[in-house]
There are 2 protein chains.
Amino acid sequence: MSNFHTEYDFRFGRFPTRVIIRREIPPLEQILKDSAALGYCFSGHLLICDEHTEIFARRIADGAVCVLKSGEEEKTWASVERILKAAKDRGLGRDGLFIGIGGGVISDLAAFAASVYMRGARLCIVSTTLLGMADAAVGGKTGFDLFGIKNLAGTFFPARIVYMPLESLDTLPEYEWKSGMAEIIKTAVLDWGNKPEPPACMHDFFSACRRLRAGSPPGVFPDHLYNLNPEELFECITRSVGFKGRIVEADPEETGGKRALLNLGHTFAHALEASLGLGSISHGEAVAWGLARSCELGFSIGITSEEQMLEIKEVLALYGYETAAPYPLLKDMPFFMRALDGDKKKSGGRLSFIVPCETGAVSVKPGAGLPPDYLHVVEKILAGKL
Amino acid sequence: MSNFHTEYDFRFGRFPTRVIIRREIPPLEQILKDSAALGYCFSGHLLICDEHTEIFARRIADGAVCVLKSGEEEKTWASVERILKAAKDRGLGRDGLFIGIGGGVISDLAAFAASVYMRGARLCIVSTTLLGMADAAVGGKTGFDLFGIKNLAGTFFPARIVYMPLESLDTLPEYEWKSGMAEIIKTAVLDWGNKPEPPACMHDFFSACRRLRAGSPPGVFPDHLYNLNPEELFECITRSVGFKGRIVEADPEETGGKRALLNLGHTFAHALEASLGLGSISHGEAVAWGLARSCELGFSIGITSEEQMLEIKEVLALYGYETAAPYPLLKDMPFFMRALDGDKKKSGGRLSFIVPCETGAVSVKPGAGLPPDYLHVVEKILAGKL
């Protein structure tokens, strides 16, 4: 595994997607060659990046680059319009290739722009953050924020080809590590107890997350997890992509309930993010805290074992995540409860939670796993009175 | 057929679409009942209309209506954003129903908004213009104009249910009749020589177009074609929808070449519209003129028979369309030729034309049906020197 090269071929609904996990940022010729090998012919290409990833884009660019400002607050229609304008100015046709180089924001924006340009152009993502690799770059969800709501506008539009170059993680700030690692741990929980895969691996995914953290002091996030433990990091990313890809293949547009499992921890996390104000804490910190709450909810309704709950919390703490309830910064509990309740709208009028179990996780709803007084249970959990 | 009620069930790619051609604007309860019968459950609904169709929307509305300004120049992101805001303010979830009541602009805008709201809500279209019924409301193309380019941004997103209430045609201005009728005649050409369907019909689709015009003075467009000849109009719309629906079912996202046949006349029409300035003439007038040019191109390369060419031009003239080349308002021929050439980008770098033939129409390209000096041939046709 030390050559650091894995490829996956998925099919997310309408299109096939190839994911290539490798060591270096691919040169432009490599991207075009790989794409051609998949049978796509392009009328041109456009590189899209932000201020942080401009250095990667310029390294491989052969012409104009569309550089956006960095940050979640740039995830707007104005940014989408800038990308569409750049594509039009370069004369891209509907078979033009949009190449987004960056983290979750850039991949969501570039993917949305590609999905609507002439009713759908071609898309390549070079994912440069751990969160991007663990989540945004795989699965076809695109979008931008509108009226203060995350991803209110978006599409399902999978990239044709996704690169995950490990070298880009080398300079990632701690904030970004915390953002991505929680999604990886979440995915490892979903993959709970599964036999190792590929066969060469001797431990399950969750153990791999634990091993990745070994050798550095607990509670302090190392700047260079990549340098410290590259093999374990490579394994965690590879498994995370493989697991998520298979889930999305089974339910590409979240209509069948299977993809909803990926929301483990997210019902609590979204309400926490809304309560604290978008951007106050990293998405990963919110997910880690939400994952701990999901364990407690699962435990209180007899689905999650005490052993599993403690093990998950232990690994989250190992990575320095705040896992205690109530969340220290959370002051307005009624607002939190209303925000939690607002999640109902996304799931057809019934609030649902995903909770860990022996085989990964299950979805529970009022009347289907959740007792009638579940809001009371949730309030106790949030107050740290489980 | 005099009950004026026909239903089609299509499947355009991802979703099934039911099209209901009927006499009256359906009451809201009917829309919700029909939708429920198709198995959709909704978290709410939003009516979208423009100034012209507000009267229909208010007649059936049970609450707030999103009213946009009328006109192609309103086909912008700002209009899309207004719809999304109205949906959010009404608390629609991802299973909320967007109901667009209007012509091509409203159905394209409402459909685009529905396609991106929470990554895809539900869509119903009540099509109130002949062009909408003949074209925009069926087939899943959505979009809006950007940077002066028609539908630069868009998606493929079929409505779940489409109503075509004939009563709405009763007040349609002549401009709208001319816009829609050309698309119907174009579709009748594509259906050339086909056996009547349903079996009760005694004539082919093209003859039906001729019969629809009978009884009113040639060259003058009757305001009330609906009142004059309702049975023939009903038949033309029904056949047009049936034919287009089957084409789109075979090639929902225009990747297989079959859907491209619907562009008969449009390569010339788009260049004419660009040369004269968007909105100077109705889309239908441009299509009718382009259809005449396609006949001449087909005739000059030995694909369209002289008889077919003359018959098509005769019916176009019967409806009062300008079919002579050069187009009277067209002054800048080099601009026209560049605009024509610009169409290449949409079709992967090769300019293609659709030309009529005995079995409907075929696509021709340089090296595949078109001779090397085809641009010279086109120039002669445009100059009226065929």
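The figures here come from the full heavy-atom set of this structure, side chains too, leaving out hydrogens, waters and symmetry mates. Just so we're on the same page: letters track the sequence lines, and every chain starts at 1.
- When heavy atoms are compared at a cutoff of 4.5 Å, B:E253 approaches chain A solely by way of its side chain, counted from C-beta outward.
- A 4.5 Å side-chain heavy-atom check between A:R94 and B:E254 finds at least one atom pair inside the cut-off.
- The aromatic rings of A:F112 and B:F112 sit perpendicular, their planes meeting at an angle over 60°, well past the 30° parallel limit.
- Counting heavy-atom pairs closer than 4.5 Å to chain B, the top residue among A:N151, A:T142, A:V80 is A:T142.
- Among residues two or more places apart in sequence or in another chain, the salt bridge (Lys or Arg N to Asp or Glu O under 4.0 Å) test is passed with B:K88 by none.
- Taking the side chain as every heavy atom from C-beta outward, B:F147 and A:L84 approach each other to under 4.5 Å.
- In this structure B:K85 satisfies the side-chain hydrogen bond (donor to acceptor under 3.5 Å, both in side chains) test together with B:D89, sequence neighbours excluded.
- Of the two parts of B:S115, only the backbone, made up of N, CA, C and O, holds a non-hydrogen atom closer than 4.5 Å to a non-hydrogen atom of chain A.
- Interatomic distance, A:M118 CE to B:T155 OG1, rounded to the nearest 0.5 Å: 15.0 Å.
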